Chemist: 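Mind looking over this structure? Questions follow.
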Amino acid sequence: MFTEELKAFKRLGFRHVLLQVLNFASVIASGLMIWKGLGVITNSESPIVVVLSGSMEPAFYRGDLLFLTNPAKELYKTGDITVYKIPGADIPIVHRVLETHEVKPKRSSKSKSKTQDASDVAANQRLLTKGDNNYVDDIELYQGLEWLERKHIVGKVRGFLPYVGYVTIAMNDFPQLKYALLGGLGLLALLQRE
């Protein structure tokens with residue numbers, strides 16, 4: 001079945017195979033650098049997420065790809081769509097802000113300044129969220145918290161591509177597909193002649 005490919009692989013030689021492996025590694029490293037660069041630019045640990053459930057229908061459907069930013073000095077408003085993570089939960093949740101609450105920071109006696117930096121105000125903001133397709137708010141999802149704190153927020157939705165994320169959902173639901181795809185790409189990178 002793969003006899004021709006194996007013969008071609010043997011003819012290429014060690015140096016050519018090593019060059020192809022290094023090219024493949026540089027493509028992977030470039031992708032990771034772009035991902036981390038996007039994270040720094042958007043101030044978000046995950047600048048792109050996929051909607052995994054129908055809790056935000058009709059605004060977003062399962063498989064939609066969302067683009068996020070998380071400006072440190074910007075306050076969230078009621079109606080903003082946020083992505084958040086609760087400690088101990090690996091999967092981010094996409095829901096709309098239902099209510100906001102600003103907590104006044106406790107000032108020490110050493111700090112006499114009465115003016116407050118915009119990032120301090122944003123850091124002390126608390127949020128209550130709810131999925132558009134859910135009947136109740138998310139307090140039960142917060143695992144004992146009354147409000148979401150700014151540290152739980154991954155980002156605010158700035159744009160989306162419908163249904164593009166189904167590829168990611170398929171790869172998570174069927175791990176064999178993910179390994180077959182990665183193996184096929186690796187094989188193509190090795191056998192490609194420049």
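Below, each value reflects all heavy atoms present in this structure, side chains not excepted, and no hydrogens, waters or symmetry copies. Please read these numbers as outputs of a predicted model, since none were measured by experiment.
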Chemist: Just checking Leu22: does its CG atom have more than 12 heavy atoms from other residues, nucleotides or ligands closer to it than 6.0 angstrom?
Modeler: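 Yes, CG of Leu22 has more than 12 neighbouring heavy atoms, counting only those of other groups under 6.0 Å.
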Chemist: Under 3.5 Å, which donor-acceptor pairs link side chains of residues 32-48 to any protein atom two or more places apart or in another chain?
Modeler:
| residue | atom | partner | partner atom | Å |
| --- | --- | --- | --- | --- |
| Thr42 | OG1 | Leu38 | O | 2.8 |
| Asn43 | ND2 | Asn70 | O | 2.6 |
| Ser44 | OG | Ser46 | N | 3.3 |
| Ser44 | OG | Ser46 | O | 3.2 |
| Ser44 | OG | Val154 | O | 2.7 |
| Glu45 | OE2 | Lys85 | NZ | 3.2 |
| Ser46 | OG | Ile48 | O | 3.3 |

Chemist: Are Val83 and Phe60 grouped together when hydrophobic residues (ILVMFWY) are joined by side-chain heavy atoms under 4.5 angstrom apart?
Modeler: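 Linked within one cluster.
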Chemist: Is it true that, when you exclude Glu140 itself, more than 12 heavy atoms of the residues, nucleotides or ligands shown sit nearer than 6.0 Å to its CD?
Modeler: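 Counting neighbours around CD of Glu140, 12 or fewer heavy atoms of other residues, nucleotides or ligands fall under 6.0 Å, so no.
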Chemist: To check you understand the geometry: which heavy-atom pair defines the closest contact between Leu66 and Val51, and what is its length?
Modeler: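 Closest pair (atom of Leu66, atom of Val51, distance): CD1-CG2, 3.6 Å.
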Chemist: Looking only at atom types and distance, does a side-chain atom of Tyr166 sit under 3.5 Å from a main-chain N or O of Arg62, one as donor and one as acceptor?
Modeler: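 Confirmed, Tyr166 side chain pairs with Arg62 backbone.
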Chemist: For residues Ile139 and Glu146, report the shortest heavy-atom separation together with the two atoms involved.
Modeler: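 Heavy atoms only, the tightest pair is CG1-O, 4.2 Å.
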Chemist: If you compare all heavy atoms of Leu127 against all heavy atoms of Gln125, which two are closest, and at what distance to 0.1 Å?
Modeler: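 Scanning both residues completely, I find the closest heavy atoms to be CD2-CD, 3.9 Å.
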Chemist: Between Glu99 and Asp137, is the side-chain contact (heavy atoms from CB on, under 4.5 Å) condition met? List the steps.
Modeler: CA-CA 10 Å; Glu99 208 176 307; Asp137 58 36; over 6 Å; no
Chemist: Which atom pair, heavy atoms only, marks the closest approach of Thr69 to Arg158?
Modeler: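 Shortest heavy-atom separation between Thr69 and Arg158 comes out as OG1-NE, 2.6 Å.
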Chemist: Applying side-chain hydrogen bond (donor to acceptor under 3.5 Å, both in side chains) between Ser55 and each of Arg96, His95, Lys130, report the one that passes.
Modeler: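 Answer after filtering Arg96, His95, Lys130: His95.
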Chemist: Find out if a path of hydrophobic residues (ILVMFWY) with successive side-chain heavy-atom gaps under 4.5 Å connects Met171 to Tyr179.
Modeler: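 No, Met171 and Tyr179 fall in different hydrophobic clusters.
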Chemist: Give the minimum heavy-atom separation between Thr100 and Thr78, together with the two atoms involved.
Modeler: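 Closest heavy-atom pair between Thr100 and Thr78: CG2-N, 4.1 Å.
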Chemist: Just by modelled atom types, is the Tyr61 backbone N or O under 3.5 Å from a matching donor or acceptor in the Asp64 side chain?
Modeler: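 Yes.
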Chemist: As a test of understanding, state which of Leu65, Thr168, Leu68 forms a side chain to side chain contact (heavy atoms under 4.5 Å, CB included) with Val49.
Modeler: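 Running side chain to side chain contact (heavy atoms under 4.5 Å, CB included) over Leu65, Thr168, Leu68 with Val49 returns exactly one hit, Leu68.
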Chemist: Does Leu182 sit in a hydrophobic cluster with other residues, and if so which ones, taking ILVMFWY side chains as linked at heavy-atom separations under 4.5 Å, directly or through other members?
Modeler: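 Listed partners: none, Leu182 stands alone.
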Chemist: Could you tell me whether a side-chain N or O of Asn133 sits under 3.5 Å from a main-chain N or O of Gly54, the two making a donor and an acceptor?
Modeler: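 Such a contact is found between Asn133 side chain and Gly54 backbone.
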Chemist: Give the ring-plane orientation class for Tyr84 versus Tyr142, where under 30° counts as parallel, over 60° as perpendicular and anything between as tilted.
Modeler: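 It falls in the perpendicular class, over 60°.
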